[in-house]
Amino acid sequence: MASPLKVLFVASECAPFAKAGGLGDVVGALPKALAALGHDVRVLIPRYDTIRASTVRHAAPMAIPMGGGELWCAVEETRLPDSDVPVYMLDHRELFARGYIYDPPNGFSPDNLLRFAALSRGAFWLGRHLGWVPDVFHAHDWPTAAIAMYANTIERDTPFGRAATVLTIHNMAHQGIFPASQLGMTHLPSWLMRSDGLETHGALGLLKGGLFHSTMITTVSPTYAREIRTRQGGFGLEHVVNFRGNDLVGVLNGIDDGIWNPRTDPALPAHFDADDLSGKLECKRALQRELHLDVRDDVPLVAVVSRLNDQKGTDIIAECVGPLLSLGIQLVVLGSGDSQSEATFAAWSHQSGGRMRAWLGFREDLAHRIEAAADLFLMPSRFEPCGLNQLYSQRYGTLPIVRATGGLEDTVAQYDGMGGGTGFKFDHLSHRSLVETVRWAVRVWREQPEHIRAMQQRAMRKPMGWDLSAKQYDQVYRWSLERRRGGV
Ligand code: ADP
Ligand code: GLC
């Protein structure tokens, strides 16, 4: 390969250590695929107290200039499972030992700017601490978007100023907006508070600043890369995205085969693959027993695993439980979030006999068993930058029913009436189109089992590994270095 690169991922989540959603999955998997290409890839995340992994604590502490003075931190070190990729954790108890990643349940954390600016600035001080100067800082979403601004200002004339910065947008709806008066604590220069910088309607917007200042920008699917250039998808930042349009690339997320593989998954009661799906039926029966549903092979099991919020369209599912159950299906929902949807799902769970079950909360092992057991997977997102669950469900032979948006459009192929395709898609999010699309899928499931089988096998065999995307990130890193340094 071309010369190996030194890449530091800096993020607020990294599975299996800290995960609130797909961002954690990506940061826990992509570095391994890049390391397999020969790169020296390392990861920096906060040392949340919720992390259970065993780590080695560096003897020397590390000081980050921040706030009124210096933040003294410890550095802890471990590896991504099944790899040599180092994961460094920034240990500052006051900032990160709070039992949550972003905000407490039903509350909000008033000092998130300080917490995540410290992580971003900490990336440079980790480099000094290790005597290791990355070629590329790879930031993810608003929490680490400030890296690009540090690189272009107070770090510009240090060895770290030669590094390129790549910002991956996993979700445009969250922009890291804080009162402008808090800028001082970040040590970023005040001139950044302008319309082609941090300033967002008079407040400080980390994502906006990151979009202007990163050497290159990626997002997690080609369709989402187009959508964020529009008024509907840009959440007010579409003009910035368009301004940076030549430096924006959409790269699809992949699947970590070591974690999401129906042949080996330790969370499953039985295993299966595309050649022999019999274990899948055992998984279905076992889940029906586990969740006290009627144990019936002849009833299609439709599943939802999701954060319950506007983005995911789960409010529409909650409003349609009655009509959906009247299609003669079983419905399983694993998720948490919006309290009204939670209450609706809980009520149906109580009153539906053995036809519907809701498990409200976050439970990794159950998510795996549901992906394996279900026949159909429902994901009617209003917008979806990439989405991982529809990938996992395809890998587990569970055909997705999705709204054709963002990464869902890119990763699910429409059923063609003859056994082609890998799922069922609809365009318009409404109660009617949701129920009608499920009706369509259920009819095919009942009347055309050979089509379903062909689609399952196609979905399960589809290459979705991170190796494909890692090659594209490799290219993005090289382009960024050319832009930053005029050549690698
Ligand atoms: P997003 O990051 O927008 O939530 P993705 O589909 O990219 O959506 O990723 C969601 C990830 O979080 C998947 O790994 C999924 O299995 C997991 N997940 C979501 N909700 C739950 C839950 N309630 N319990 C366990 N895992 C969940
Ligand atoms: C975000 C998006 C989701 C994406 C994930 C990982 O949470 O909502 O679509 O799959 O990030 O990139």
Side-chain angles (χ1 to χ4, degrees), residues 9 11-16 18-30 101-102 105 138-144 167-175 207 217-225 227-228 233 235 250-256 259-260 265 267 303-314 317 332-338 341-342 345 357-372 374 377-396 398 400 402-403 405-412 464 466 469 473:
F9 274 60
S12 49
E13 300 178 31
C14 174
K19 164 172 162 180
L23 167 62
D25 289 353
V26 173
V27 177
L30 173 59
I101 296 181
Y102 301 106
H138 191 158
H140 297 267
D141 277 350
W142 71 264
T144 50
L167 172 63
T168 295
I169 304 170
H170 297 263
N171 196 327
M172 203 69 181
H174 304 292
Q175 301 184 355
L207 187 65
I217 301 160
T218 74
T219 189
V220 287
S221 69
T223 294
Y224 196 60
E227 289 172 351
I228 57 178
F235 287 90
V251 182
L252 274 179
N253 287 336
I255 289 186
D256 186 335
I259 298 174
W260 293 95
D265 190 334
V304 178
V305 178
S306 183
R307 295 185 284 122
L308 304 180
N309 66 14
D310 233 39
Q311 173 188 342
K312 302 292 178 182
T314 42
I317 303 179
V332 168
V333 177
L334 168 61
S336 62
D338 166 53
S341 300
E342 283 194 2
F345 287 131
R357 217 43 94 218
W359 206 97
L360 304 174
F362 198 92
R363 228 182 110 186
E364 193 85 33
D365 61 330
L366 185 56
H368 285 244
R369 283 197 293 283
I370 291 175
E371 292 285 10
F377 190 87
L378 196 49
M379 203 160 165
S381 306
R382 287 196 169 78
F383 70 96
E384 196 60 74
C386 180
L388 292 169
N389 276 313
Q390 84 284 5
L391 299 181
Y392 301 150
S393 68
Q394 288 177 79
R395 175 52 53 83
Y396 283 60
T398 302
V402 302
R403 184 163 167 259
T405 182
L408 300 176
E409 168 69 355
D410 293 341
T411 59
V412 178
M464 289 183 271
W466 272 109
S469 319
Y473 279 104

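Just so you know, ligand 1 is whichever comes first in the structure, and atom 1 is the first atom listed for that ligand. Here, residue 1 is the first one in the sequence, and each next residue gets the next number.
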Heteroatom proximity flag, N253 to ligand 2, N/O under 3.5 Å: yes
Ligand 1 atoms in contact with Y392 (distance to a heavy atom under 4.0 Å): 13 (C), 14 (O)
F377 and V402, any side-chain heavy atoms less than 4.5 Å apart: no
Per-atom contacts, ligand 1 versus G21 - under 4.0 Å to a heavy atom: 2 (O), 11 (C), 12 (O)
Heavy atom of Q390, distance to ligand 1 below 4.0 Å: no
Contact (N/O only, under 3.5 Å) between L388 and ligand 1: yes
Heavy atom of G361, distance to ligand 1 below 4.0 Å: yes
Rounded distance [0.5 Å steps], CG in L334 versus NE2 in H368: 11.0 Å
Ligand 1 atoms in contact with N389 (distance to a heavy atom under 4.0 Å): 6 (O), 10 (C), 13 (C), 15 (C), 16 (O)
4.5 Å side-chain heavy-atom contact, S12 and L23: yes
Under 4.0 Å to a heavy atom of G335 - the qualifying atoms of ligand 1, by number: 23 (N)
Rounded distance (nearest 0.5 Å) linking atom CH2 of W260 with atom CE of M464: 12.5 Å
Sub-4.5 Å side-chain heavy-atom contact between K19 and I101: no
Identity and distance of the protein heavy atom lying nearest atom 27 (C) of ligand 1: F362 CE1, 3.3 Å
Contact (N/O only, under 3.5 Å) between G387 and ligand 2: yes
Proximity of L23 to ligand 2 by residue part, where a heavy atom lies under 4.0 Å: backbone
Option of least heavy-atom distance to atom 3 (O) of ligand 1 (set: E364, M379, R363, R307): R307
Mode of E371 contact toward ligand 1 - side chain, backbone, both, neither (heavy atoms, under 4.0 Å): neither
W359 to ligand 1, any heavy atom closer than 4.0 Å: no
Minimum heavy-atom distance L360-E342, with the two atoms named: CD1-O, 3.6 Å
Any S306 heavy atom less than 4.0 Å from ligand 1: yes
Close approach of K19 to ligand 1, heavy atoms, under 4.0 angstrom: yes
Location of contacts on D25 toward ligand 1, heavy atoms closer than 4.0 Å: side chain
Sub-3.5 Å N/O-N/O distance, G22 and ligand 2: no
Non-hydrogen atom of G21 closer than 4.0 Å to ligand 2: no
Aromatic ring proximity F235/F383, centre distance under 6.0 Å: yes
Which of the ligand 2 atoms, numbered from 1, are nearer than 4.0 Å to a heavy atom of Q311: 8 (O)
Per-atom contacts, ligand 1 versus G387 - under 4.0 Å to a heavy atom: 6 (O), 7 (O)
Residue and atom name of the nearest protein heavy atom (relative to atom 10 (C) of ligand 1), distance in Å to one decimal: G22 N, 3.6 Å
